[in-house]
Amino acid sequence: MNDCLFCKIIAGEIPSSKLYEDNLCYAFNDIAPQAPTHFLVIPKTHIASISEIDDSNSAVAGHVLSVIAQLAKELGMESYRVVSNIGEQAGQSVRHLHFHVLSGRDMTWPPG
Ligand code: 5GP
Ligand code: ZN
């Protein structure tokens, strides 16, 4: 998508601190980390949020979750939180599906 920040990051038009990449997804450190470890995992295809997931694109979403599990193991993360904000009121600021992966500090519940 032309005017999407994360599509530009995937294309290399905006620099990012890459952790992992394959043909379906891209993982990179969040620019404003909210925990000692805070990275984002995004599909390479433009999907606006979880609200756009259906049977035609759920395989890529499942792959993203599998990559999160593998990356967490590789990074030695035993406890972590995965968050995906959907819509403005929930705090979504970039309309390209992304999963936040946060670790390395105590977390509170419910989230704010
Ligand atoms: P949201 O607010 O949509 O749930 O999450 C968007 C996330 O993208 C935020 O945590 C924000 O810090 C991060 N972000 C925004 N712009 C950039 C950028 O240019 N580079 C990186 N690495 N992260 C960004
Ligand atoms: Zn996009």
Side-chain angles (χ1 to χ4, degrees):
M1 201 191 197
N2 280 346
D3 203 27
C4 170
L5 176 69
F6 286 175
C7 283
K8 287 180 182 164
I9 283 179
I10 291 162
E13 291 164 20
I14 293 173
S16 63
S17 163
K18 178 170 96 172
L19 290 177
Y20 174 83
E21 179 176 19
D22 63 26
N23 57 329
L24 293 176
C25 73
Y26 188 78
F28 58 109
N29 287 310
D30 197 291
I31 204 168
Q34 300 302 310
T37 300
H38 183 182
F39 59 87
L40 304 171
V41 189
I42 64 179
K44 286 191 169 173
T45 52
H46 182 88
I47 300 169
S49 77
I50 282 178
S51 68
E52 285 195 354
I53 293 177
D54 58 24
D55 285 346
S56 74
N57 58 15
S58 59
V60 71
H63 177 72
V64 167
L65 294 178
S66 157
V67 164
I68 288 172
Q70 293 311 311
L71 280 175
K73 284 192 190 98
E74 281 173 33
L75 295 169
M77 293 160 52
E78 286 177 3
S79 184
Y80 53 100
R81 184 170 287 179
V82 179
V83 176
S84 191
N85 298 320
I86 298 126
E88 258 179 54
Q89 190 176 28
Q92 183 177 13
S93 59
V94 179
R95 289 187 51 75
H96 180 126
L97 174 64
H98 51 284
F99 292 89
H100 296 261
V101 183
L102 301 128
S103 184
R105 65 165 169 82
D106 293 338
M107 307 270 171
T108 57
W109 191 264

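Both counts, for ligands and for their atoms, begin at 1 and track the order of listing. Just the heavy atoms: all of them, side chains too, but no hydrogens, waters or symmetry mates, feed the values below.
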Does ligand 1 have any N/O pairs with the protein under 3.5 Å, and how far apart?
from	atom 1	to	atom 2	distance (Å)
ligand 1	2 (O)	G91	O	2.9
ligand 1	2 (O)	S93	N	3.3
ligand 1	2 (O)	S93	OG	2.7
ligand 1	3 (O)	S93	N	2.7
ligand 1	3 (O)	S93	OG	3.3
ligand 1	3 (O)	V94	N	3.0
ligand 1	3 (O)	H98	NE2	2.8
ligand 1	4 (O)	N85	ND2	2.8
ligand 1	4 (O)	H98	NE2	3.1
ligand 1	4 (O)	H100	NE2	2.8
ligand 1	5 (O)	H98	NE2	2.9
ligand 1	5 (O)	H100	NE2	3.2
ligand 1	10 (O)	D30	OD1	3.2
ligand 1	10 (O)	D30	OD2	2.5
ligand 1	12 (O)	D30	OD1	2.5
ligand 1	22 (N)	N29	O	2.9
ligand 1	22 (N)	I31	N	3.4
ligand 1	23 (N)	I31	N	3.3

| task | Determine whether V83 and L65 fall in the same hydrophobic cluster, where Ile, Leu, Val, Met, Phe, Trp and Tyr are linked whenever their side-chain heavy atoms lie under 4.5 Å apart. | result | no

| request: Determine how many protein N/O/S atoms sit closer than 2.8 Å to the Zn ion (ligand 2), leaving waters out since they are not shown. | output: 4

| message | Using a 3.5 Å distance criterion without hydrogens, assess whether the side chain of R81 forms a donor-acceptor pair with backbone atoms of H100. | response | no

| Are more than 12 heavy atoms from other residues, nucleotides or ligands located less than 6.0 Å from atom CG of D3? | no

| query | Only one of S51, S56, S58 clears side chain to side chain donor-acceptor pair (under 3.5 Å) with D54; which? | reply | S56

| field | Heavy-atom neighbours of Q89 CD exceed 12 at 6.0 Å | value | no

| request: Quick one: list whatever passes salt bridge (Lys or Arg N to Asp or Glu O under 4.0 Å) with E21, sequence neighbours left out. | output: K18, K44

| query | With clusters built from Ile, Leu, Val, Met, Phe, Trp and Tyr whose side-chain heavy atoms come within less than 4.5 Å, directly or transitively, what are the remaining members of the cluster of L5, listed by chain and number? | reply | F6, I9, I10, I14, Y26, F28, L40, I42, V94

| task | Answer yes if the ring centres of H96 and H98 are under 6.0 angstrom apart, and no otherwise. | result | no

| task | Can you measure from OG1 (T37) to CG (N29) and round to the nearest 0.5 angstrom? | result | 8.0 Å

